[in-house]
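Here is the structure we will look at.
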Amino acid sequence: MRLGHFLCTGGLLVGTTFFALSLTPSLIPREGVTQGVISGAALAAGYGIGVLLTWLWKFLELPAVSEPARGRLRWGIGALSILLALGFLWRAAHWQNTVRELMGLEVAPTVRPFVIAIVAILLFAFLLAIAKLFKRLFRFLSTKFQRRVPRRIATILALCGAFALFWAVFNNLVLTAALHQVDRIYQRLDTRVAPEMDAPTGKLDPGGPDSLVRWQDMGHQGRRYLTLRPKAKDIAEVTGTAKDPIRVYVGLNAANTPEQRAKLALEELKRVGGFERSYLLLITPTGTGWVDPGAINSLEYLLGGDVASVAAQYSYLPSPIALMTQDAYGRETARAAFEEVYRYWSGLPEGSRPRLYLFGLSLGALNSDRSFDFYDIIDDPFHGALWTGPPFRSDTWRMVTAERDEGSPAWLPQFREGAVVRFGNHYEGYDLSKMEWGNFRIAYLQHGSDPIVFFDPAAAYREPDWMKQPRARDVSPDLNWYPIVTMLQLAMDMHAGVAPMGFGHSYAPADYVRAWHALIAPPGWDEAKLEKLNKQLLKWNPR
């Protein structure tokens, strides 16, 4: 069978156009296999649209091309497709370097075009084979049904049957098996105890001999969080005098339910004297249970160690998988932890209780946002929250961004003149408002190049607001919106993109210092001292 008859000419033209456009820059620099996957998916999506448009042309009985002209058209479109693909592959390195330069990375001489082309073609062939198999199944079922019911009803039944069968195979065989394998891998990682992380020996140490939570039940990320922290002598190098900061972590295996883990976290926090500190931080970790050391270390330095923090793990899976499979569980855990800590905190005398703040990064920011209702705290509000890299699904973030003050950009919005909610990034923010920041404060830390924040399924059919001028300083001026293609680029940026610290979804300690300093306003910090702190924090950020 000749390739020209196997492939749809209209599909090839639209698919190649999508392939070419997928090589243009997005938020995160990419090359090689990652770009090949995006381009292959774009090629398949464009090919499908082209096939659909060709079918619609025939269905509407519009004028058809004669057979002799059809052959010449195939050759012409084939040649045009090759030239289009080669031309954009040649320009791909330049486009990717516009992003790399913005992020302070070395210029890459090439993006490995042969790797891109091979990966894209293989992925396209795989997806095309699945589509052909679906088509054969649909026709087989349609033929069988037409023997018993009218043709149009048979077509609908065949279409539903083919979809149901494909979904059953994908969901029960492919997806379930993959998730089970991922679950086993991350479960083993979560139980692994690194040799350099010995159990604490102090009576007041979480995980120590008198602790309510066993060291082995902390989870891998919990043990890292408790072990890799600055001590009073480290903080005193910058502040002069300091205390040992208090950290409490309850692992997923420490109790059976979110409510039990929340109660355990509260009791452990009380046992180690967490409520006797001037500040208390309630942390919602990411899907794996990870707490960004740059976020917590920076706060402990700024407050001279006079702070206690507590976190409860709800998963050991990466955030995208945890969001897909354990969304409700993460929300329930965050809610239970907040209710336990807030109930006890609000029952303390107002003059002698610590100032209470919330923190979450990525999926942690989403679940932290979901952990309380404003109506529950309006009579006795806690002091504030810092939510970093909030996923695009975050309700409060979506509402505030959509209803931002006129003239403020979507990537750094101002909301009601900054009386309650303020935004900041790697370069600026928090102090743009002329209005005084109230007693209850919410701060968002988000980079303009963070795809976790700015991905939107609607980018498949409309240009996102953050792409309009003026743009964030870490977004390439060569980034343009293309239907479907841009959405695929952002989806790959979100799941496979890796940016240097201070860009994308990688937040630097200096970013956190700026955010915490604005949110809490601790006294005694000038620019020189803050710069000294930023240098010190780089030593303590185990990336």
Side-chain angles (χ1 to χ4, degrees), residues 3-4 6-54 57 72-102 107-128 131 451 455 457 459-464 467 471 475-497:
L3 186 62
F6 182 74
L7 294 176
C8 169
T9 305
L12 181 62
L13 179 60
V14 180
T16 306
T17 302
F18 275 33
F19 170 87
L21 295 177
S22 73
L23 297 166
T24 60
S26 57
L27 290 177
I28 306 298
R30 55 186 188 268
E31 58 183 49
V33 175
T34 301
Q35 180 62 65
V37 172
I38 298 175
S39 298
L43 176 58
Y47 182 83
I49 292 173
V51 170
L52 179 62
L53 293 175
T54 301
W57 184 279
R72 293 192 296 270
L73 183 63
R74 285 199 190 102
W75 279 104
I77 288 179
L80 177 62
S81 297
I82 292 173
L83 291 174
L84 185 64
L86 291 176
F88 274 70
L89 280 169
W90 176 72
R91 289 284 293 171
H94 164 74
W95 285 320
Q96 293 306 313
N97 282 330
T98 63
V99 183
R100 297 178 67 86
E101 289 174 354
L102 286 173
V107 172
T110 178
V111 291
R112 302 170 68 190
F114 291 107
V115 173
I116 293 173
I118 291 172
V119 172
I121 291 172
L122 289 175
L123 179 59
F124 170 72
F126 173 73
L127 296 175
L128 182 62
F455 173 80
Y461 57 86
R462 71 182 180 201
E463 181 182 15
M467 291 183 65
R471 286 185 177 177
V475 175
S476 171
D478 291 334
L479 190 158
N480 294 302
W481 175 75
Y482 305 106
I484 299 178
V485 175
T486 298
M487 187 268 291
L488 293 174
Q489 290 177 316
L490 295 176
M492 184 57 73
D493 285 347
M494 182 170 59
H495 290 100

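The first residue of the sequence shown is numbered 1, and numbering continues consecutively from there.
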Using 0.5 Å steps for rounding, measure from the [atom1] atom of [X] to the [atom2] atom of [Y].
| X | Y | atom1 | atom2 | value |
| --- | --- | --- | --- | --- |
| Leu479 | Leu102 | CG | CG | 10.5 Å |
| Gln489 | Leu27 | CD | CG | 9.0 Å |
| Leu53 | Leu13 | CG | CG | 10.5 Å |
| Gln96 | Thr24 | CD | OG1 | 8.5 Å |
| Ile121 | Ile116 | CD1 | CD1 | 11.5 Å |
| Leu84 | Ile77 | CG | CD1 | 12.0 Å |

Below 4.5 Å, heavy atoms only, C-beta onward: do [X] and [Y] meet side chain to side chain?
| X | Y | value |
| --- | --- | --- |
| Asp478 | His94 | yes |
| Val115 | Val33 | yes |
| Met492 | Gln35 | no |
| Arg100 | Val107 | no |

Closest non-hydrogen atom pair between [X] and [Y], with its separation:
| X | Y | result |
| --- | --- | --- |
| Ile484 | Ile49 | CD1-CD1, 3.1 Å |
| Thr16 | Ser81 | CG2-O, 3.2 Å |
| Gly78 | Leu12 | CA-CD2, 4.4 Å |
| Ala93 | Val111 | CA-CG1, 3.7 Å |
| Ala45 | Leu488 | CB-CD1, 4.4 Å |
| Glu31 | Ala108 | OE1-CB, 4.4 Å |

Got a sec, which residues hit side chain to side chain contact (heavy atoms under 4.5 Å, CB included) with [X], two or more places apart in sequence or on another chain?
| X | value |
| --- | --- |
| Trp481 | Glu463, Pro464, Met467, Pro483, Thr486 |
| Thr54 | Cys8, Lys58 |
| Ala491 | Phe455 |
| Leu127 | Ala44, Leu123 |

Parallel, tilted or perpendicular: which fits the ring planes of Phe124 and Tyr47, with parallel below 30° and perpendicular above 60°? perpendicular

Run the side-chain contact (heavy atoms from CB on, under 4.5 Å) check on Arg91 and Leu23 step by step: do they pass? CA-CA 8 Å; Arg91 289 284 293 171; Leu23 297 166; over 6 Å; no

Please determine whether side-chain contact (heavy atoms from CB on, under 4.5 Å) holds for the pair Arg30 and Ile38, giving the CA-CA distance in whole Å, both sets of side-chain angles, and the decisive distance to 0.1 Å. CA-CA 10 Å; Arg30 55 186 188 268; Ile38 298 175; 3.4 Å; yes

Tyr482: ring-ring contact (aromatic ring centres under 6.0 Å, His included) partners, not counting sequence neighbours: none

With sequence neighbours excluded, what pairs up with Ser22 under the side chain to side chain donor-acceptor pair (under 3.5 Å) test? Ser39

When you measure from the side chain of Arg74 to the backbone of Thr9, do you find a donor-acceptor pair of N or O atoms at a distance under 3.5 Å?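 Here the side-chain-to-backbone pair does not exist.
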
Full working for side-chain contact (heavy atoms from CB on, under 4.5 Å) between Val99 and Val475: CA-CA 7 Å; Val99 183; Val475 175; over 6 Å; no

